[in-house]
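As the structure lists them, so they are numbered: ligands from 1, and atoms in each ligand from 1.
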Amino acid sequence: MSFLSRLGITSSNPGAAGAAGFFPTSGPEVISTDPATGEPIASVRLAGASEYEQVAADAARVFQDWRMLPAPKRGEIVREIGNALREHKDDLGALVTCEVGKIRSEGLGEVQESIDMADFAVGLSRQLYGLSLHSERPLHRMYEQWHPLGVVGVITAFNFPNAVWAWNAMLGLVCGDTVVWKPSLKAPLTAIATHRICDAVLQRHGWGGALGLVVGGDADVGETMVKDRRMALISATGSTRMGRHVGEIVAHRLGRVLLELGGNNAMIVNRDADLDLALRAILFAAVGTAGQRCTSARRLFLHADIADAFIPRLVRAFRSVRIGDPMAEDTLMGPLIDAGAVEGYRSAIREALSQGGTLLTGGNVLDRPGSFVEPTLIEARADMPICREETFAPIAYVFRFTDLAEAIAQQNAVDQGLSSAIFTDSFRDAESFLSAAGSDCGIANVNIGTSGAEIGGAFGGEKDTGGGREAGSDSWKAYMRRQTNTLNWGRTLPLAQGVKFDV
Ligand code: UN1
C-alpha cells in the first residue's frame, strides 16, 4: 500500500517521539490489523514508563519557551501544520480507512476535521481575549488575562484516531501549551503518521518536543501519565468507566480534566416531522461509521401516528446499506473495529431480545473475513436495561410515543448526556426540546442527526459523558489559566469593601 510508505510507515515502527523525533522503544510489539480483512498492516513497538518519561520531560522543557512565543506566532506554525495535513489528507484519510475501517469519505472527513481545527486555532491565536473590568477603587484598573497552562496529556480512542487529538493539539499549541499524546492501541499507525506530519513542521521551526507521542499500554503509560503532576490537563476520550478512573486520579492531585465519554444518543421523530429528512438522518447517525461514534444514534423515539408507516421504510433503508470494503467508493458501512466489538454487538442483541425486544432487521455477523455485521433495528421499550447502555455497533432501538414531553423525559432518563435530536416542523415543539426543560444533552439538534458536528461549536456532554467541552466556541479556555490583575496607578492605597487599615 503506497500510502503507507508516503506516510513514513514501515513494517515495524517505534512507538515514541519527543524533542528529537521518533526514538527506539523497547516494549512488546503490537500488530495493527485491517478490520476489513483481518490482515496485518504494520507493527509498532510499544513505549513503556521510561520512554513516557523522556517524552514528558521534553514537553515540560519546551513549554518553558513555547509559552513565551507570542500567540499569533504560534498560530503561524499551526497554520503550517494545517497545510501539512492538507497535503497529506488523501493518504492519511486512506490510513484511517485501512486501520479503523471508516468508509473512504469518512476517513477523508476525519482529516478535514483536523484541518478545520487548525484553521480555527490559527484565527483564535489572535483572539485569546480577557475581560477588562471596572475597579471599585479610584485610579485602579482590573483585568483578566489568559496564560498558557502547561503540558496537556491527551488520551484518544480508536474511533477518531486523528481528529479528536487535533481538537486538543491545535488548541493546546496556540494557547501556548505543549502536548503529549497517548493514542488508542487499536489505531497506533494513524497516530504515528499524524505525529510525523505535524512534528516535521515543528522541527523545521526549532520546536521539536512541543508535540510528543507515546504509544503504550494503559497500565504503564496511561496510569503514569494520568498521575504525572506535570500534566496540567488530562483530556481523555473513551468509555465512562475509563473516564471515571482518570477523573478520580486527576482530581486527587487537583489537576484539570476534560472528559469526553460515552453517549447514548436519541432521535425523536415527531408526528409532523419531514420523514424523508428523518430517514436519511437516522441512517447516517445510526449506521454511519458502523455505529462507532460517541455521537451515533442508538435510540429512536417515533410518534405513534407515524410509526406504523415509518418503520417499514426504516427497515428497507437499513437493509439497503451497502456493507463491505471501506475503501470502495460505493460502500456505506465498513467493519467494526475488531472481534471484541463483534462480540459486543452479538451480546447486545441477545440481551435486547431476552429483555423483550423484537428484531425488525439485521442481527447477523457476516460470514466473511473481517469484522462485518448487519445494521440492526430492534423494537424495544425505553426502560429495558440494554437500551440504557452504549454499545459501539450499528444497533438502533425503536420506541413509540404519544406525548412529546414523555418522550423527552425518556430520552433524558439514561446516564449519558452527549447528543440528541428532534425532527419536527413545529416551532413550539422544537423550542420545547431546546428549552431548559428539554434535552439534557450537551448537543441538541433540530432536523439534523446526532452525529457529524462541526468543529465551530463546543463539543461534549453532561452526566456520564463527563462534562468536558472540546473544539470550537470558547473551549480554548480549558487549555489556559486565568489570571486576575489589579493595577493601582494612584498614590494612595484604598482597600476594597471599605476596609480601613491606617497606622
Ligand atoms: C467521537 O465520536 O468521539 O460529531 C467524536 C461527530 C464528530 C466527532 C465525534 N464530529 O460525530
Side-chain angles (χ1 to χ4, degrees), residues 85 93 96 99-103 105-120 154-171 181-184 186-187 190-191 194 235-243 246 258-267 280-298 333-334 336-337 341 390-394 396 416-421 439 441-446 448-462 464-473 475:
L85 289 169
V96 170
E99 192 172 36
V100 305
K102 285 189 185 189
I103 60 169
S105 82
E106 289 191 67
L108 290 168
E110 163 138 20
V111 183
Q112 187 59 47
E113 187 158 347
S114 297
I115 296 167
D116 293 344
M117 215 39 231
D119 287 353
F120 178 84
V154 178
I155 297 170
T156 56
F158 78 85
N159 67 333
F160 273 82
N162 174 269
V164 168
W165 167 80
W167 291 352
N168 290 280
M170 301 304 142
L171 287 192
W181 182 11
K182 182 200 171 300
S184 163
K186 294 179 182 176
T190 303
T194 303
S235 175
T237 302
S239 67
T240 296
R241 197 169 55 83
M242 177 280 294
V246 167
L258 201 168
L259 298 174
E260 203 256 284
L261 312 174
N264 189 355
N265 317 298
M267 289 171 68
R280 288 181 51 206
I282 289 171
L283 205 60
F284 177 62
V287 175
T289 332
Q292 297 174 107
R293 291 190 189 216
C294 54
T295 50
S296 293
R298 314 205 178 280
M333 198 183 97
L336 290 178
I337 187 68
E390 177 187 49
T391 304
F392 246 44
Q416 308 86 348
L418 179 55
S419 187
S420 58
S439 168
C441 294
I443 298 171
N445 296 333
V446 177
I448 295 175
T450 50
S451 64
E454 302 173 21
I455 61 99
F459 184 94
E462 307 300 336
D464 275 7
T465 302
R469 290 297 185 278
E470 295 177 293
S473 186
S475 303

Exercise. Looking only at distance, does S451 have an N or O less than 3.5 Å from an N or O of ligand 1?
Worked result: no

Seminar exercise, completed: Logged contact type for I455 with ligand 1, heavy-atom cut-off 4.0 Å, is neither

Problem set entry | Proximity to ligand 1 by part of W167, non-hydrogen separation under 4.0 Å | side chain

For this session: Look at atom 10 (N) of ligand 1 and say which protein heavy atom is nearest, naming residue and atom and giving the distance to 0.1 Å.
Result: E113 OE2, 3.1 Å

Problem set entry | Donor-acceptor side-chain pairing of S114 and N162 below 3.5 angstrom | yes

Problem set entry | Nearest neighbour in protein (non-hydrogen) for atom 6 (C) of ligand 1 | G452 N, 3.2 Å

Exercise. C294 to ligand 1: N or O pair under 3.5 Å?
Worked result: yes

Exercise. Which one holds for E454 and ligand 1: side chain close, backbone close, both close, or neither close, with close meaning a heavy atom under 4.0 Å?
Worked result: neither

Exercise. Taking distance alone, with no angle check, do A453 and ligand 1 share an N/O pair under 3.5 Å?
Worked result: yes

Exercise. Mind checking whether V164 has an N or O less than 3.5 Å away from an N or O of ligand 1?
Worked result: no

Problem set entry | Beyond-backbone contact of E260 with L418, side-chain heavy atoms, under 4.5 angstrom | yes

For this session: Quick one: look up the protein heavy atom nearest atom 9 (C) of ligand 1 and list residue, atom name and how far away it is.
Result: F160 CE1, 3.5 Å

For this session: Can you pull out the closest protein heavy atom to atom 7 (C) of ligand 1? Residue, atom name and distance to 0.1 Å, please.
Result: R293 NH1, 3.7 Å

Exercise. For ligand 1, is there an N or O atom under 3.5 Å from any N or O atom of Q292?
Worked result: no

For this session: Would you check if V100 and K186 make a side-chain contact, meaning some heavy-atom pair closer than 4.5 Å?
Result: no

For this session: Can you sort out which atoms of ligand 1 are near E260, meaning under 4.0 Å from one of its heavy atoms?
Result: 3 (O)

Seminar exercise, completed: ligand 1 to N159, heavy atom cutoff 4.0 Å, flagged ligand atoms 1 (C), 2 (O), 3 (O)

